[in-house]
Undergrad: 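Before I ask anything, here is the structure I am working with.
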Amino acid sequence: MKLTKKLFFNIHSWIGIRLSILFFIVCFSGTLATLSHEMDWLFNPEIRATPKKDLASRNLIVSNFEKLYPNAKIQLWMRPNEPYLCDILYKIEKENLSYVFANRYTGKIQGESALTIQRFFRDLHYYLFIPFQIGNFVVLFFGFMLLVSLITALFFYKKWWHKLFELQTGKGALVFFRSMHRLVGLWSIPFCLLFSITGIWYFIERANIAGIGEQVNPKPPQLSDTDETELPVNLTYTIDYDKAVLMAQKEIPGLVAGNIYVPQKATDVLGVIGKSNVPLVRQRANRVLINPKTTTILSTQKASEISTAMWINDSVDPLHFGYWGGILTKCIWFIFGCGISSLILSGIWITYKRKSIKRKKSNKPIMGNWRFINWALYGILMGYMYVSLIKKYHVSLPAIIYISLGWLTFIFLSWYIFEHRLKRTVQKA
């Protein structure tokens with residue numbers, strides 16, 4: 001097959017049109033995920049914390065948690081990197097999961113929620129709520145598609161580097177949108193590369209290609225049933241968390257303790273992770289595993305000593321979601337994420353209008369049978385999403401209504417822009 005400009009253009013258009021609905025959902029959900037913690041802060045006052053010099057005792061937080069939830073246990077103790085957010089304690093009670101907000105500076109329990117905005121968008125972007133890893137691989141597939149879209153665009157745009165500041169106006173809507181599509185795309189090249197390469201790495205890790213997944217995600221040790229003492233069924237309130245944090249900080253100089261993996265059964269270890277003086281990597285690059293029965297250290301992992309593969313793996317998440325540099329980099333990632341999402345929309349509009357004019361007499365649908373595939377997958381996504389919201393997160397009826405209104409807005413705007421308005425434009429052509 002001869003590689004021509006037309007071939008690259010057709011491949012680029014095929015990806016943008018045939019996979020348009022899911023492509024946009026994946027890209028835009030990832031964009032919103034970059035600032036999802038900030039959206040939680042904006043819409044939920046209970047999660048807000050006013051930064052102070054000193055942190056409250058972890059044991060005090062657990063004591064306050066126990067007073068409110070004596071029959072619950074903590075599955076995960078998450079301390080976000082953002083200092084203006086409360087700690088988020090994953091509470092399990094009667095097999096139901098919810099999120100409890102504890103002020104890290106005062107120790108006060110400020111509220112509880114069945115679901116956070118951050119968790120919703122991370123789940124949506126991570127696996128589209130579709131279980132059995134199918135949804136996860138569907139999302140990761142678009143990492144390859146984003147890279148192919150970028151490469152093909154660079155091949156069919158002649159001397160694209162000369163058009164970094166070119167925006168054509170006054171020549172009609174089609175010319176303007178083509179010019180804007182090219183301009184935004186050129187300035188988004190570094191981020192398209194970043195998002196696609198990190199997405200491909202996620203695929204390699206998830207598929208365990210060349211054993212990478214097992215290498216970068218070592219399983220924590222399990223305690224023997226014959227160890228000195230047995231802890232009660234609910235381990236949450238029997239652990240000295242302050243001591244565990246001090247032990248971890250002694251093991252890793254400069255460690256700022258963050259999340260804590262709380263044992264769920266007597267054979268589980270206690271894990272303390274956090275940030276050190278090694279830049280870029282996520283919290284879990286530093287981890288100290290402790291025997292909660294004997295308060296002895298079982299193993300220590302320092303970000304400064306991990307293998308290259310593990311360093312890459314622990315750098316991918318901060319790079320993909322832009323939180324490695326705090327609110328500034330998250331805002332930059334959000335802006336360019338919006339830009340890439342807009343490329344999908346403007347590309348759809350450009351191709352739809354061009355092909356609609358050509359097919360005006362035949363009245364053939366542009367997407368063909370692919371529109372059924374897109375909407376079928378979208379329907380599956382929605383079905384599993386509602387099952388997850390109701391059965392896993394037990395969200396309230398008002399929350400379900402708000403989420404439904406968001407999706408209905410998405411469907412309405414899609415119809416209005418790409419059906420109603422576009423048909424009117426084509427009829428006038």
Undergrad: Got a salt bridge between Glu82 and Lys330, using NZ or NE/NH1/NH2 to carboxylate O under 4.0 Å?
TA: yes

Undergrad: Less than 4.0 angstrom from a charged side-chain N to a carboxylate O is my criterion; do Asp242 and Arg58 meet it?
TA: no

Undergrad: If the test is ring pair (Phe, Tyr, Trp, His ring centres under 6.0 Å), which one of Phe120, Tyr386, Tyr384 qualifies with Phe129?
TA: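 Only one option passes, and that is Phe120.
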
Undergrad: Are Trp14 and Phe9 close enough that their ring centers fall under 6.0 Å?
TA: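 When the ring centroids of Trp14 and Phe9 are compared, they turn out to be at least 6.0 Å apart.
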
Undergrad: Could you give the distance from CD1 (Ile130) to CE (Met382), rounded to the nearest 0.5 Å?
TA: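 So the gap between those two atoms works out to 11.5 Å.
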
Undergrad: Cation-pi between Lys91 and Tyr69: NZ/CZ under 6.0 Å from ring centre and within 45° of the ring axis?
TA: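 Yes.
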
Undergrad: Between Trp77 and Tyr261, is the ring centroid distance below 6.0 Å?
TA: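 Ring centroids of Trp77 and Tyr261 are no less than 6.0 Å from each other.
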
Undergrad: Without hydrogens or angle criteria, can the side chains of Gln110 and Asn103 be said to hold a donor-acceptor pair below 3.5 Å?
TA: yes

Undergrad: Would you find a donor on one side and an acceptor on the other, under 3.5 Å apart, between the side chain of Ser13 and the backbone of Asn10?
TA: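 Not confirmed, Ser13 side chain does not pair with Asn10 backbone.
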
Undergrad: Check Leu343 against Gly185 and note the closest heavy-atom contact, atom names and distance.
TA: CD2-N, 3.4 Å

Undergrad: Can a donor-acceptor pair be found, under 3.5 Å and without considering hydrogens, that links the side chain of Ser36 to the backbone of Ala33?
TA: yes

Undergrad: With a cut-off of 6.0 Å (strictly less than), are more than 12 heavy atoms of other residues, nucleotides or ligands near CZ of Phe155?
TA: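 For Phe155, atom CZ is not crowded (no more than 12 foreign heavy atoms under 6.0 Å).
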
Undergrad: Hey, would you say the His320 and Tyr202 ring centroids sit under 6.0 Å apart?
TA: yes

Undergrad: Considering all heavy atoms of both residues, which atom of Cys27 and which atom of Ile340 are nearest to each other, and what is their separation?
TA: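 It is SG-CG2, 4.3 Å.
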
Undergrad: Locate the shortest heavy-atom distance separating Ser149 from Phe23; write the atom from each residue and the value.
TA: OG-CE1, 4.1 Å

Undergrad: Can you name the closest pair of heavy atoms from Ala102 and Ile109 and give their distance?
TA: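 So the two residues come closest at CB-CD1, 3.7 Å.
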
Undergrad: Are the aromatic ring centres of Trp415 and Phe410 under 6.0 angstrom apart?
TA: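 Ring-ring flag for Trp415/Phe410: false, centres at least 6.0 Å apart.
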
Undergrad: For His125 and Phe321, I'd like to know if the aromatic rings sit close, meaning centre-to-centre distance below 6.0 Å.
TA: yes

Undergrad: Taking C-beta and beyond as the side chain, do Tyr127 and Val139 meet within less than 4.5 Å on heavy atoms?
TA: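 They are not in contact (no side-chain heavy atoms under 4.5 Å apart), so the answer is no.
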
Undergrad: Ring centres of Trp333 and Phe191 under 6.0 Å apart?
TA: yes

Undergrad: With heavy-atom distances below 4.5 Å as the criterion, would you say the side chains of Ile297 and Thr300 are in contact?
TA: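 Side-chain contact under 4.5 Å: yes.
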
Undergrad: Hey, is OH on Tyr84 packed in by over 12 heavy atoms from elsewhere, all under 6.0 Å?
TA: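 More than 12 heavy atoms, drawn from other residues, nucleotides or ligands, come within 6.0 Å of this atom.
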
Undergrad: I need the minimum non-hydrogen distance between Thr236 and Val62, along with the two atoms involved.
TA: O-CG1, 3.9 Å

Undergrad: Treating Asn64 as the side-chain partner and Gly107 as the backbone partner, does any N or O pair qualify as donor plus acceptor under 3.5 Å?
TA: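 At least one qualifying donor-acceptor pair exists.
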
Undergrad: Is the closest basic N to carboxylate O distance between Arg182 and Glu166 below 4.0 Å?
TA: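 Between Glu166 and Arg182 there is a salt bridge, with a charged N closer than 4.0 Å to a carboxylate O.
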
Undergrad: If we ignore hydrogens and angles and just use 3.5 Å, is the side chain of Asp268 paired with the main-chain N or O of Gln264 as donor and acceptor?
TA: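 Yes, because the side chain of Asp268 sits within donor-acceptor range (under 3.5 Å) of the backbone of Gln264.
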
Undergrad: Going through the checks in order, is the ring-ring contact (aromatic ring centres under 6.0 Å, His included) test met by Trp407 and Tyr402?
TA: CA-CA 9 Å; Trp407 283 113; Tyr402 290 139; over 10 Å; no

Undergrad: Tell me, do Ile61 and Lys108 make a side-chain contact under 4.5 Å, heavy atoms counted?
TA: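 No - every pair of side-chain heavy atoms lies 4.5 Å or more apart.
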
Undergrad: Quick one, Gln283 and Asn81 - any side-chain contact, counting heavy atoms below 4.5 Å?
TA: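 Of all side-chain heavy-atom pairs linking Asn81 with Gln283, at least one is under 4.5 Å.
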
Undergrad: Salt-bridge test for Asp314 and Lys275: reply yes if a basic N is under 4.0 Å from a carboxylate O, no otherwise.
TA: no

Undergrad: Minimum heavy-atom separation for Ser196 and Gly143, please, with both atom names.
TA: CB-O, 3.3 Å

Undergrad: Aromatic contact between Phe144 and Phe203, with the criterion being ring centroids under 6.0 Å apart: yes or no?
TA: yes

